[in-house]
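Fair warning: this is a prediction, and the values are worked out from it, not measured in the lab.
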Amino acid sequence: MVPVAILVGWRSKRSVCQPAGRSLLQAKLHREYLIFEHSVTILLWSFAAAMIVLAGAHWTARQDREDPLSLGRV
């Protein structure tokens, strides 16, 4: 399972960051943070990863309860 997770993460990072988004983000970080560009990049990626982990934990914890917004439909 871990090799698959690593492969999916690597491929999604490559497809998300390689187009124009990476150069725009790097330019913005360089313009606003200068020498702290790499530190801020690490913080942003850590925040994004933490949000994904928390979303997965929330989804896993709610599997046994009925969704109150579903109005009884499955």
Side-chain angles (χ1 to χ4, degrees):
M1 184 168 152
V2 173
V4 174
I6 292 171
L7 180 66
V8 168
W10 178 72
R11 301 223 356 126
S12 63
K13 179 183 178 269
R14 193 176 69 175
S15 65
V16 169
C17 293
Q18 288 302 327
R22 182 173 184 189
S23 60
L24 292 175
L25 180 61
Q26 281 183 337
K28 179 176 174 55
L29 291 177
H30 182 71
R31 185 175 57 248
E32 293 185 12
Y33 297 105
L34 293 175
I35 63 171
F36 299 109
E37 175 183 355
H38 298 294
S39 301
V40 173
T41 303
I42 291 170
L43 287 172
L44 289 174
W45 278 110
S46 300
F47 177 75
M51 291 297 106
I52 291 170
V53 168
L54 286 174
H58 177 72
W59 180 77
T60 302
R62 302 216 13 117
Q63 288 298 311
D64 62 339
R65 288 191 264 160
E66 183 181 337
D67 187 6
L69 300 176
S70 68
L71 301 172
R73 291 177 278 188
V74 178

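The other residues sharing a hydrophobic cluster with F47 are M51, L54, where clustering joins ILVMFWY side chains under 4.5 Å apart. Other members of a hydrophobic cluster containing V53 are absent, since no ILVMFWY side chain comes under 4.5 Å of it, directly or through relayed contacts.
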Would you mind writing out the side-chain donor-acceptor pairs for residues 31-44 within the sub-3.5 Å range, not counting sequence neighbours?
{"from": "E32", "atom 1": "OE2", "to": "K28", "atom 2": "NZ", "distance (Å)": "2.5"}
{"from": "E37", "atom 1": "OE1", "to": "H30", "atom 2": "ND1", "distance (Å)": "3.2"}
{"from": "T41", "atom 1": "OG1", "to": "E37", "atom 2": "O", "distance (Å)": "2.7"}

